[in-house]
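Each remark here refers to the structure printed beneath this line.
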Amino acid sequence: MIIKIVNESNNPLPEYSTEMSAGMDLRAYLEEPVALKPMERKLIPTGLYIELPKGFEAQIRPRSGLAIKKGITVLNSPGTIDADYRGEIRVIVINLSQEEFIIESGERICQMVVASHETVEWKPVEVLSETQRGAGGFGHTGKN
Ligand SMILES: O=c1ccn([C@H]2C[C@H](O)[C@@H](COP(=O)(O)OP(=O)(O)OP(=O)(O)O)O2)c(=O)[nH]1
């Protein structure tokens, strides 16, 4: 699919790392490096603005490498970019490690997945259909 994008940063447009990958890495767009202290969260600009077609969303997700090596993740993961949003894509990152982490401009801080979604109409009813599980959940079948 083709998606309109405005890139006000000097970073390259987001790219898939392989022909079959789902996520495109997004880069920070900063005037100067940003320091994240342990447990600190910050909103990081990307300089990107997109126009998604109706029925689609973009999800902002952590990069696993940054998460395992540095404890850096996306706080509201998956962040939702709505099809009617015309503002800058920004990323809420949090440092869950015990060391300060410095984000440089141009650094790949998260990944974005474009996904289709259903549009729901509610049908209020008195009862729902019966199933074997019923209301059981949250591990009610035991550990294994
Ligand atoms: O990680 C994110 C999440 C959201 N947004 C932008 C795009 C999205 O369409 C808009 C609103 O996001 P969301 O619906 O999650 O925010 P809200 O807290 O419910 O605010 P609103 O009342 O503006 O919908 O903010 C981002 O740039 N990054």
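All residue numbers in this chain count up from 1 along the given sequence. First listed ligand is number 1; within each ligand, the first listed atom is number 1. Please read all numbers here as calculations on a predicted model, not as lab measurements. What you see below is based on every heavy atom in this structure, not just the backbone, and it leaves out hydrogens, waters and symmetry mates.
The closest non-hydrogen atom to atom 28 (N) of ligand 1, taken over E57, R86, Q59, R90, comes from R90.
For ligand 1, the atoms closer than 4.0 angstrom to any heavy atom of I81 are 5 (N), 7 (C), 9 (O), 26 (C), 27 (O), 28 (N). Remark: ligand 1 atoms within the under-4.0 Å shell around heavy atoms of E88 are 27 (O). The distance from ligand 1 to the heavy atoms of T80 drops below 4.0 Å at these ligand atoms: 3 (C), 4 (C), 5 (N), 7 (C), 8 (C), 9 (O), 12 (O). Listed by number with element, the atoms of ligand 1 under 4.0 Å from a non-hydrogen atom of I89 are 27 (O). Heavy-atom contacts of N76 reach the following atoms of ligand 1: 1 (O), 2 (C), 3 (C) (cutoff under 4.0 Å).
By the neighbour-count criterion of 12 heavy atoms within 6.0 Å, atom NZ of K42 is densely surrounded, having more than that number from other residues, nucleotides or ligands. The environment of CZ in R63 is crowded: more than 12 heavy-atom neighbours from other residues, nucleotides or ligands sit within 6.0 Å.
The CG atom of L30 lies 7.0 Å from the CD1 atom of I103; values are rounded to the nearest 0.5 Å.
A side-chain donor-acceptor contact under 3.5 Å links N11 to the backbone of A28. Within the 3.5 Å criterion, the main-chain N or O of I89 finds a donor-acceptor partner in the side chain of T46. A donor-acceptor pair is defined here as one N or O able to donate and one able to accept, closer than 3.5 Å; no such pair exists between the side chain of T80 and the backbone of D82. Within the 3.5 Å criterion, the main-chain N or O of L36 finds a donor-acceptor partner in the side chain of N95. Panel note: side chain T73, backbone L75; no donor-acceptor pair is recorded below 3.5 Å.
Under 4.0 Å from ligand 1, not a single heavy atom of I92 appears. Contact annotation for D82 and ligand 1: heavy atoms of both the backbone and the side chain come within less than 4.0 Å of the ligand.
Per-atom contact check: atom 20 (O) of ligand 1 does not touch the protein, criterion being a heavy-atom distance below 4.0 Å. For atom 1 (O) of ligand 1, the nearest protein heavy atom lies closer than 4.0 Å. In this structure, atom 13 (P) of ligand 1 has no protein heavy-atom contact shorter than 4.0 Å. For atom 5 (N) of ligand 1, a protein heavy-atom neighbour is present inside the 4.0 Å cut-off.
Contact between V91 and ligand 1 is absent, with no heavy atom of the residue lying under 4.0 Å from the ligand.
If you check which protein heavy atom lies closest to atom 10 (C) of ligand 1, you get Y85 CD1, 3.9 Å.
Across every non-hydrogen atom of A83 and F56, the tightest pair is CB-O, 3.6 Å.
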